[in-house]
There are 2 protein chains.
Amino acid sequence: MAADHSYDGMNRSLERGIAILRAFKPGVADLGNAEIAERTGLAKATVSRLTQTLVSGGLLQRDPRRRVYRLAPAVLSLAHAMRLSSPMLSVVAPLMRAEASRRRVNVGLAAADQDMMVYLESFRYHPRLTHRTVVSGQRIPVELTSLGRAYLWALEPSAREREYAAIAKRRPKTYKRLIREVERSFAELDRLGYCAVGWQPGVVAVATTLPFGAGEPHLMNMSIGSVEPLEEAAHRLAPWLLDLKRRCLNRLEHAAVSELS
Amino acid sequence: MAADHSYDGMNRSLERGIAILRAFKPGVADLGNAEIAERTGLAKATVSRLTQTLVSGGLLQRDPRRRVYRLAPAVLSLAHAMRLSSPMLSVVAPLMRAEASRRRVNVGLAAADQDMMVYLESFRYHPRLTHRTVVSGQRIPVELTSLGRAYLWALEPSAREREYAAIAKRRPKTYKRLIREVERSFAELDRLGYCAVGWQPGVVAVATTLPFGAGEPHLMNMSIGSVEPLEEAAHRLAPWLLDLKRRCLNRLEHAAVSELS
DNA sequence: TCTCATGTTCCATCAGGTGGAATTCGGGTG
DNA sequence: CACCCGAATTCCACCTGATGGAACATGAGA
């Protein structure tokens, strides 16, 4: 999908293999070769060979009875390796958890993947159980959420333009209105260092950036189920979020320094 | 790595791309092109091109300053999609969690990936915090653990031989003794439906199979930190495990039936 | 048994992947 | 600031091996 670059330095087979993996998402769990071919626009024969390779590489497994493929345990291993490897996660997660429990709110950390935001970690506050991390890996739209807007805000202009183009393509109808809202969030971020959005009824979220290192920007949010007006809830959450952000950046600084041993 | 099949129906570039992804594991978080080339045995130029493709596909991200790649958020999304898609997980996990809390033990669900076992889910009992799921995706050796032995036991002879060969290659020294131990576990599984292993000091684990559907076998275990002798602890855990297994299979049966609507 | 839908294998074609060598890039050093 | 060194990228000629249409297998359902 997307603009086909005449020819960059990209490896075609691998690109296609990745496209096949990405065809699996929550809701589309099991896919046969035919459906994969349809969704990716690849030739049947090609899909057949690539899925074989993905199976032998352990990223897909097939259910021969139902003639479908699904994602294999190896993707869990990769995710596990990633979480352990991320200094961001290992340093910040404990602070997030403590804050979620102390303030009785949800606290999330996210980064961008293509034109979606992905939760790297999310501690949900739940009055009964202690908060558990369930939604790591969950994808949410960039243009509708506080996390996504903070992300767009953090981007340099050229990259931001690319994102806008993706949004325009995805939502031609509401595009103009969305951008206007997005830029109102930018103003908030400029002025106050956070933005507040209530994209799901009864849920208020505030988000900010967690700028560290050279890579992709990370975003942090805090959210709460609430009946009070957005403004009010946001004003309550924002100081907590900004304080948490400050402490996280401190810790990251320390961790980076002590790593130079 | 491993035996290079002269030429099966495998796509070489994709195979190599997967090999690169697999080079990232807990402990080896950041890899430069050079190190990837070394670890995978690929040519520098090839690695350079494939990593570019993986980055553009969102599976890797690069830290330009440190000149290294690491796994990208998209792998979390894939893992997330996988967990949601697995009927096994969604049906069985609640039962596992309840059991972990009720019996005050660790309860795990695993499947095989290549020659390792991968935890699909694991509820650790912890007296303080409620049990959380942390280790999903963690890899443990097949030959030393109760889960792994139950897996080997569930395999058909030809596949089991392949696993034996892999073990022999990995541990030429202790191979013979290991196989003897493994087959003692088989005897337990034949007689009692479970096997008990204490592969880490002070930890006793019992495991059994969770045969459902046509795909790869799933394994379930229960473990506990304990100072009592293995036999004794195992006798305490086994009835709980087998009862849990029975209830899980029931639920799976129901779920499968009601899916035919 | 026939039929239809889906997956796999074949094969001629040639796009495009490959790896050694040359080049560029960056960061550390005197 | 010029220099150097290791790493990454780009170039390029070679030719492997990926590709997709068509033929062939494989099951499931009628």
Side-chain angles (χ1 to χ4, degrees), chain A residues 1 4-21 23-24 28-57 59-70 72 213-215 256 259-261, chain B residues 4-21 23-24 28-57 59-70 72 213-215 256 259-260:
Chain A
M1 62 177 100
D4 44 305
H5 18 233
S6 49
Y7 178 57
D8 323 323
M10 303 292 104
N11 180 303
R12 190 164 54 141
S13 307
L14 181 51
E15 245 177 356
R16 291 171 165 190
I18 294 171
I20 291 177
L21 286 179
F24 293 85
V28 285
D30 310 294
L31 292 174
N33 274 334
E35 194 161 3
I36 294 174
E38 190 186 356
R39 282 173 190 262
T40 58
L42 301 174
K44 283 196 315 171
T46 304
V47 170
S48 178
R49 267 167 296 156
L50 292 179
T51 48
Q52 279 180 44
T53 305
L54 287 166
V55 167
S56 103
L59 296 188
L60 289 184
Q61 65 189 166
R62 64 174 297 149
D63 179 343
R65 201 163 45 85
R66 301 193 41 218
R67 300 170 145 233
V68 292
Y69 297 91
R70 67 180 47 170
E259 198 176 309
L260 301 179
S261 60
Chain B
D4 44 308
H5 18 228
S6 50
Y7 179 58
D8 322 322
M10 303 293 103
N11 180 302
R12 190 166 54 144
S13 307
L14 180 51
E15 244 177 356
R16 291 171 164 190
I18 295 171
I20 291 177
L21 286 178
F24 293 84
V28 285
D30 310 295
L31 292 174
N33 274 334
E35 195 162 1
I36 294 174
E38 191 186 355
R39 282 174 190 263
T40 56
L42 301 173
K44 284 195 315 172
T46 304
V47 170
S48 179
R49 266 167 293 147
L50 293 179
T51 48
Q52 279 180 47
T53 305
L54 287 166
V55 167
S56 103
L59 296 188
L60 289 184
Q61 65 189 169
R62 65 173 297 150
D63 179 343
R65 201 163 45 85
R66 303 193 42 218
R67 301 171 145 232
V68 291
Y69 297 91
R70 68 180 47 170
E259 197 176 308
L260 300 180

Handout entry: pair B/Leu31-B/Ile20: side-chain heavy atoms closer than 4.5 Å
Key = no

Problem - Interatomic distance, B/Leu54 CG vs C/dG17 P [rounded to whole Å] - result: 13 Å

Completion exercise
Checking D/dT10, C/dT9, D/dG17 against the side chain of B/Arg12 (C-beta onward), the nearest is D/dG17

Exercise for the section: Would you mind telling me which residue lines up with the more 5' stretch of DNA chain C, A/Gln52 or B/Lys44, judged by nearest nucleotide? Expected result: A/Gln52

Handout entry: A/Arg62 CZ - D/dG27 P separation (whole Å)
Key = 10 Å

Handout entry: Pair A/Arg70 + A/Asp63, salt bridge at N-O below 4.0 Å
Key = no

Fill in the blank from the handout: Comparing A/Leu42 with B/Thr51, nearest DNA chain D nucleotide closer to 5' gives the residue B/Thr51

Handout entry: Residue pair B/Asn33 / B/Tyr69, side-chain heavy-atom distance below 4.5 Å
Key = yes

Exercise for the section: Measure the distance from CG on B/Asp63 to C1' on D/dA8 and round it to the nearest whole Å. Expected result: 15 Å

Exercise for the section: For the residue pair A/Ile36 and A/Thr51, establish whether any side-chain heavy-atom pair is separated by less than 4.5 Å. Expected result: yes

Practice task
Mark yes or no for a side-chain to base donor-acceptor pair under 3.5 Å between B/Arg49 and C/dG16, with no hydrogen or angle criteria applied.
Solution key: no

Handout entry: Interatomic distance, A/Asn33 CG vs D/dA25 P [rounded to whole Å]
Key = 19 Å

Problem - A/Ser48 side-chain N/O to C/dG7 phosphate OP1/OP2 under 4.0 Å - result: no

Exercise for the section: Verify the contact: side-chain N or O of A/Ser13 to OP1 or OP2 of D/dA18, cut-off strictly under 4.0 Å; return yes or no. Expected result: no

Exercise for the section: Using atom CD of A/Glu15 as one end and atom P of D/dA18 as the other, report the distance to the nearest whole Å. Expected result: 16 Å

Practice task
Compare the minimum distances between each of D/dT10, D/dG20, D/dA7 and the side chain of A/Ala43, then state the nucleotide with the smallest one.
Solution key: D/dG20

Practice task
Starting at atom CG of A/Leu14, determine the distance to atom P of D/dT19, rounded to an integer number of angstrom.
Solution key: 11 Å

Problem - Under 3.5 Å donor-acceptor, A/Thr53 side chain and B/Asn11 backbone - result: yes

Practice task
Measure the shortest side-chain to side-chain distance between A/Ile18 and B/Leu54 over non-hydrogen atoms and say whether it is less than 4.5 angstrom.
Solution key: yes

Practice task
Choose from D/dT9, C/dG7, D/dT19 the nucleotide whose nearest atom is closest to any side-chain atom of A/Ala34.
Solution key: C/dG7

Handout entry: Presence of B/Arg16 side-chain N/O under 4.0 Å of C/dG17 phosphate oxygens OP1/OP2
Key = no

Completion exercise
For B/Arg16 and B/Leu50 the tightest heavy-atom approach is CB-CD1, 3.7 Å

Exercise for the section: Using whole Å, report how far CE of A/Met10 lies from C1' of D/dT9. Expected result: 12 Å

Under 3.5 Å, which protein N or O atoms sit close to an N or O of nucleotides 23-29 of chain C? Give each pair with its distance.
from	atom 1	to	atom 2	distance (Å)
C/dG26	O4'	B/Arg67	NH2	3.2

Problem - Nucleotide nearest A/Asn11 when distance is taken to its side chain, options C/dT8, C/dG17, D/dA8 - result: C/dG17

Exercise for the section: Starting at atom CZ of B/Arg66, determine the distance to atom P of D/dA7, rounded to an integer number of angstrom. Expected result: 15 Å

Exercise for the section: Would you indicate whether the side-chain heavy atoms of B/Val28 and B/Arg39 approach each other to under 4.5 Å? Expected result: yes

Practice task
Select base, sugar-phosphate, or nothing to describe what B/Ala45 touches, counting heavy atoms under 4.0 Å on all strands.
Solution key: base

